[in-house]
Undergrad: 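This is the structure I want to talk about, given as structure tokens.
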Amino acid sequence: MNDSKTARAAFREDRLPFFAALLFGLAAHGFWLTNKLPFDDDLPNLFTKGATWVSGRYGLELLRLVMPDASMPWIYGLMSLCFLALAVCLTVRLFHIESRALRVLLAGALVCFPAEGATMGYAFTAAPYALALLLSVAGVWCFASEKRGKWVLAPLMIAFSCSVYQGYFAFAASFCVIGMLRALIKEGRSARDVFLYGLRLLGLLLLSLAVYGLAVLAATKLLGLPLLGEAVNARQSLALRTAVAYSAWLKTLFRGYFAYVPTPVSLALHILLLLAAGVSLLLRLKGERDGKRIALLALLLFLFPLSCYCLYLMADNAYIHSLALYPFASLYVLCAVLLDAPAPPAGERLRAAAAVALAGIVLGGAYFSNALGLYAKLQYEETSALYTSVVARVFSLPDFDGSCRVAIVGNAPAARWDAGESFPFEKLRLPGVNITDTRQAENVIRYYLGFELPFASEAECDALVQSGALDGMPGWPYDGAVKRIGDLAVVNFAGETP
């Protein structure tokens with residue numbers, strides 16, 4: 001009977017953030033779920049998860065057993081939303097968010113965050129990445145909840161999260177900092193107790209990294225792979241890496257770096273949210289006389305941006321991109337915690353202002369994801385129309401036969417739909433390929449247009465150009481831009497315009 005009551009109570013606590021996350025997720029990412037869009041790395045990885053072992057992502061390799069290789073946006077998209085909704089529920093439980101409005105809006109802010117909008121374009125790994133985020137949050141929740149065996153279960157969950165996608169380790173780090181802040185503000189614990197609690201949390205994070213590192217080292221020795229060799233930041237000093245992390249966080253907030261805070265309106269909403277949370281914190285500290293508690297609180301607030309972008313302390317800057325810095329969204333969790341604590345009379349007005357700001361941020365995130373999906377669709381349609389014309393011209397060659405291989409030379413005409421021009425903010429720094437890159441022509445023609453044609457290698461195309469065989473040949477789309485040279489059906493994107 002007690003177990004049944006406990007289960008019902010847990011369901012009542014979780015159903016609001018869970019279903020809010022699902023509804024917000026469908027509103028933001030429904031376009032991605034219902035369209036098969038060859039977006040960046042999804043183009044060559046239609047039936048594979050891409051690099052796993054060599055990127056130190058052995059967990060991503062293991063998940064092939066339960067999440068087979070196929071870029072299926074509807075199936076893996078729904079799985080992603082469920083994992084994210086569970087992560088939201090654990091976040092609400094971890095920080096005991098009491099306000100129903102904050103629960104709903106926090107769910108929207110985490111699920112509609114621009115990084116998740118871009119991640120949905122990588123349908124081949126969207127669900128494993130969402131699971132990695134869930135495991136990172138679950139590890140901190142397990143540890144903070146004083147579960148039996150927490151020193152074993154929590155590090156294993158966080159380590160496996162890193163083995164799927166290392167960037168989500170920063171969620172665990174930032175949630176540890178927020179947990180210490182909550183212990184000071186809402187629980188009123190002494191500076192000594194919180195400091196000791198922080199040492200245990202630091203031990204959790206270091207142990208998690210050690211478990212992950214040992215697994216990578218074992219794979220290196222057993223498989224002989226140079227795992228993570230180029231990705232580790234060994235060039236910069238720790239002080240410089242720390243400065244870069246703070247700089248990147250501030251640029252994200254004030255300059256739209258990584259397009260997370262992309263417009264002046266979005267910046268204004270973030271400033272309003274921060275002001276509401278800051279005033280709430282100051283009112284909470286009114287009358288506080290314990291200098292140690294205030295000093296520790298200030299230190300934690302200072303460390304919070306670093307915890308969000310702690311990946312800069314470990315990884316080379318060139319390997320850090322928009323998807324990896326999703327933990328910037330921890331800012332919304334911090335603000336919710338600061339606003340949710342027992343409040344003075346002004347607390348309701350501050351929460352109302354924060355709710356307006358969060359609602360606007362959620363709507364902006366949903367708009368972003370849909371706009372990015374529209375851009376990807378328009379770019380794909382333009383690219384597919386181009387290569388359909390190319391294939392038609394190749395097939396119409398009078399001397400085209402089974403011995404011909406297609407050689408596409410030069411760069412395709414610039415796409416009308418370019419992310420940097422189509423969006424009114426700084427271009428996303430996303431990993432992967434560009435669908436308009438002619439090196440991806442074979443993937444588009446073979447897997448999306450359905451034409452099984454043999455292609456010349458990149459080296460053969462370069463040799464063709466250097467031989468001078470294309471001199472005087474018109475460029476696409478003019479007459480003569482497609483012709484047979486030897487055993488190659490040459491498509492010349494690099495020729496001169498008549």
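In this chain, numbering begins with 1 at the start of the sequence shown. Side chains are part of it too, since the values below use all heavy atoms of this structure and drop only hydrogens, waters and symmetry mates. Since the model is a prediction, treat every value here as computed from it, not as a measurement.
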Undergrad: Could you tell me whether the side chain of Ser266 and the main chain of Thr263 form a donor-acceptor pair under 3.5 Å?
TA: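 Here the side-chain-to-backbone pair does not exist.
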Undergrad: Which pairs would a plain distance check flag for residues 448-457, meaning a side-chain donor or acceptor within less than 3.5 Å of a matching protein atom at least two apart in sequence or in another chain?
TA:
{"unit_1": "Glu452", "atom_1": "OE2", "unit_2": "Arg446", "atom_2": "NE", "d": "3.2"}
{"unit_1": "Ser457", "atom_1": "OG", "unit_2": "Glu460", "atom_2": "N", "d": "3.2"}
{"unit_1": "Ser457", "atom_1": "OG", "unit_2": "Glu460", "atom_2": "OE1", "d": "3.3"}

Undergrad: Applying side-chain contact (heavy atoms from CB on, under 4.5 Å), run through Val111 and His29 and close with a yes or a no.
TA: CA-CA 9 Å; Val111 173; His29 312 306; 4.2 Å; yes
Undergrad: Check the pair Asp399, Lys483 against salt bridge (Lys or Arg N to Asp or Glu O under 4.0 Å), reporting the backbone distance first and the verdict last.
TA: CA-CA 9 Å; Asp399 49 357; Lys483 71 177 183 180; over 6 Å; no
Undergrad: How far does CG of Leu135 sit from OG of Ser161, to the nearest 0.5 angstrom?
TA: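 Separation between the atoms: 6.0 Å.
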Undergrad: Got a second to check how far Met120's CE is from Leu33's CG, nearest 0.5 Å?
TA: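 So the CE of Met120 and the CG of Leu33 are separated by 6.0 Å.
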Undergrad: Working note: Val491 + Val394, criterion side-chain contact (heavy atoms from CB on, under 4.5 Å); need CA distance, chi angles, decisive distance, verdict.
TA: CA-CA 8 Å; Val491 181; Val394 169; 3.9 Å; yes
Undergrad: Looking at every non-hydrogen atom in both residues, tell me the closest pair between Phe83 and Leu131 and how far apart they are.
TA: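 Looks like CD1-N, 3.8 Å.
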Undergrad: Consider side chain to side chain contact (heavy atoms under 4.5 Å, CB included). Of Leu102, Leu269, Val104, which one does Leu358 pass it with?
TA: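 When Leu102, Leu269, Val104 are each tested with Leu358, the side chain to side chain contact (heavy atoms under 4.5 Å, CB included) holds only for Leu102.
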Undergrad: Between Ser389 and Trp476, does a side-chain contact (heavy atoms from CB on, under 4.5 Å) hold up when you go through it step by step?
TA: CA-CA 11 Å; Ser389 300; Trp476 180 270; 3.9 Å; yes
Undergrad: Mind checking whether Val409 and Val490 have side chains closer than 4.5 Å, heavy atoms only?
TA: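 Side chain of Val409 against side chain of Val490, heavy atoms only: contact under 4.5 Å found.
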Undergrad: For Asp401 and Arg484, what are the C-alpha separation, side-chain angles and deciding distance, and is it a salt bridge (Lys or Arg N to Asp or Glu O under 4.0 Å)?
TA: CA-CA 10 Å; Asp401 55 37; Arg484 180 165 179 168; 3.1 Å; yes
Undergrad: Report yes or no: do Gln440 and Asn443 form a side-chain donor-acceptor pair below 3.5 Å?
TA: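 Distance-only check passes for Gln440 and Asn443.
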Undergrad: Are any non-hydrogen side-chain atoms of Tyr122 and Asp40 less than 4.5 angstrom apart?
TA: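 Result yes, sub-4.5 Å side-chain heavy-atom pair found.
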Undergrad: Considering residues at least two apart in sequence or located in another chain, which fulfil the side chain to side chain contact (heavy atoms under 4.5 Å, CB included) criterion with Leu374?
TA: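 In terms of side chain to side chain contact (heavy atoms under 4.5 Å, CB included), with neighbours along the sequence ignored, Leu374 is linked to Leu378.
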Undergrad: Could you check whether Lys36 pairs with Asp42 (Lys NZ or Arg NE/NH1/NH2 to Asp/Glu carboxylate O, under 4.0 Å)?
TA: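 The answer is yes: the pair qualifies as a salt bridge.
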Undergrad: When you measure from the side chain of Asn370 to the backbone of Ala27, do you find a donor-acceptor pair of N or O atoms at a distance under 3.5 Å?
TA: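 Indeed, once roles are kept as given, a pair shorter than 3.5 Å links the two residues.
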Undergrad: Would you mind reporting whether Val88 and Arg103 have side-chain heavy atoms less than 4.5 Å apart?
TA: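 Side chain of Arg103 against side chain of Val88, heavy atoms only: no contact under 4.5 Å found.
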Undergrad: Once you measure the plane-to-plane angle for Tyr58 and Tyr212, does it fall in the parallel (<30°), tilted (30-60°) or perpendicular (>60°) bin?
TA: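 Parallel, since the angle between the ring planes stays under 30°.
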Undergrad: So how far is it from Phe47 CZ to Phe124 CZ, rounded to the nearest 0.5 Å?
TA: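 Phe47 atom CZ to Phe124 atom CZ measures 13.0 Å (nearest 0.5 Å).
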Undergrad: Kindly indicate whether the side chain of Leu306, heavy atoms from C-beta on, has any atom under 4.5 Å from the side chain of Tyr312.
TA: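 When only atoms from C-beta onward are counted, Tyr312 and Leu306 do not touch, as no gap falls below 4.5 Å.
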Undergrad: Just checking, any donor-acceptor pair under 3.5 angstrom between side chains of Ser307 and Ser174?
TA: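 Side-chain D/A pair, Ser307 to Ser174: absent.
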Undergrad: Can you name the nearest heavy-atom pair linking Ala172 to Ile158, along with the distance?
TA: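 Here Ala172 and Ile158 meet closest at CB-CD1, 4.0 Å.
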Undergrad: Can you see which heavy atom on Arg393 is nearest to which on Gly480, and at what distance?
TA: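 Looking at all heavy atoms of both residues, the shortest contact is NH2-N, 4.4 Å.
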Undergrad: Does a side-chain heavy-atom distance below 4.5 Å link Trp32 with Leu372?
TA: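 They are in side-chain contact.
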Undergrad: For residues Leu253 and Val261, report the shortest heavy-atom separation together with the two atoms involved.
TA: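 Closest heavy-atom pair between Leu253 and Val261: O-CG1, 3.5 Å.
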Undergrad: Using ring pair (Phe, Tyr, Trp, His ring centres under 6.0 Å), reason through Tyr332 and His270 one step at a time and then give a plain yes or no.
TA: CA-CA 9 Å; Tyr332 311 130; His270 280 80; 5.6 Å; yes
Undergrad: So, Ser80 side chain and Ala126 main chain: donor-acceptor pair closer than 3.5 Å or not?
TA: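 Answer holds: yes.
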Undergrad: Distance from Cys142 atom SG to Leu153 atom CG, nearest 0.5 Å?
TA: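 Interatomic distance, Cys142 SG to Leu153 CG, rounded to 0.5 Å: 5.0 Å.
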Undergrad: Let's go through Val333 and Leu110 carefully: what are the C-alpha distance in whole Å and the side-chain angles of both, what is the deciding distance for side-chain contact (heavy atoms from CB on, under 4.5 Å) to 0.1 Å, and is it a yes or a no?
TA: CA-CA 9 Å; Val333 180; Leu110 292 174; 4.2 Å; yes
Undergrad: Around Arg100, counting heavy atoms of other residues, nucleotides and ligands shown, do more than 12 lie under 6.0 Å from its CZ?
TA: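 Atom CZ in Arg100 is not crowded, with 12 or fewer foreign heavy atoms closer than 6.0 Å.
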Undergrad: Tell me whether the centres of the aromatic rings in Phe39 and Tyr380 are closer together than 6.0 Å.
TA: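 No.
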Undergrad: Working to the nearest 0.5 Å, report the span between CZ of Phe304 and CH2 of Trp249.
TA: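 Phe304 CZ to Trp249 CH2: 6.5 Å, rounded to 0.5 Å.
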Undergrad: I need the Tyr309 OH to Ser330 OG distance, nearest 0.5 Å.
TA: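 With rounding to 0.5 Å, OH (Tyr309) is 10.0 Å from OG (Ser330).
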Undergrad: So, Ser163 side chain and Phe160 main chain: donor-acceptor pair closer than 3.5 Å or not?
TA: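 Confirmed, Ser163 side chain pairs with Phe160 backbone.
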Undergrad: If you look at every heavy atom in Gly410 and Ala494, which pair is closest and at what distance?
TA: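 Answer, listing the atom of Gly410 first, then Ala494: CA-CB, 3.8 Å.
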Undergrad: Below 4.5 Å, heavy atoms only, C-beta onward: do Trp141 and Phe175 meet side chain to side chain?
TA: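 No - every pair of side-chain heavy atoms lies 4.5 Å or more apart.
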Undergrad: Is a salt bridge present between Arg57 and Glu61, judged by a nitrogen-to-oxygen distance below 4.0 Å?
TA: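 Result for this pair is no, no salt bridge flagged.
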Undergrad: Please examine the side chains of Tyr326 and Phe171, heavy atoms only from C-beta on, and report whether any two atoms are closer than 4.5 Å.
TA: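 Side-chain contact under 4.5 Å: yes.
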Undergrad: Quick one: does Leu205's side chain get under 4.5 Å of Phe169's, heavy atoms only?
TA: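 SC-SC contact between Leu205 and Phe169 confirmed.
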Undergrad: Could you tell me whether Phe400 atom CZ has more than 12 heavy atoms of other residues or ligands within 6.0 Å of it?
TA: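 Yes, the 6.0 Å shell around CZ holds more than 12 heavy atoms from other groups.
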Undergrad: Closest approach of Ala70 and Tyr76, non-hydrogen atoms and distance?
TA: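 In this case the closest contact between Ala70 and Tyr76 is O-CE1, 3.0 Å.
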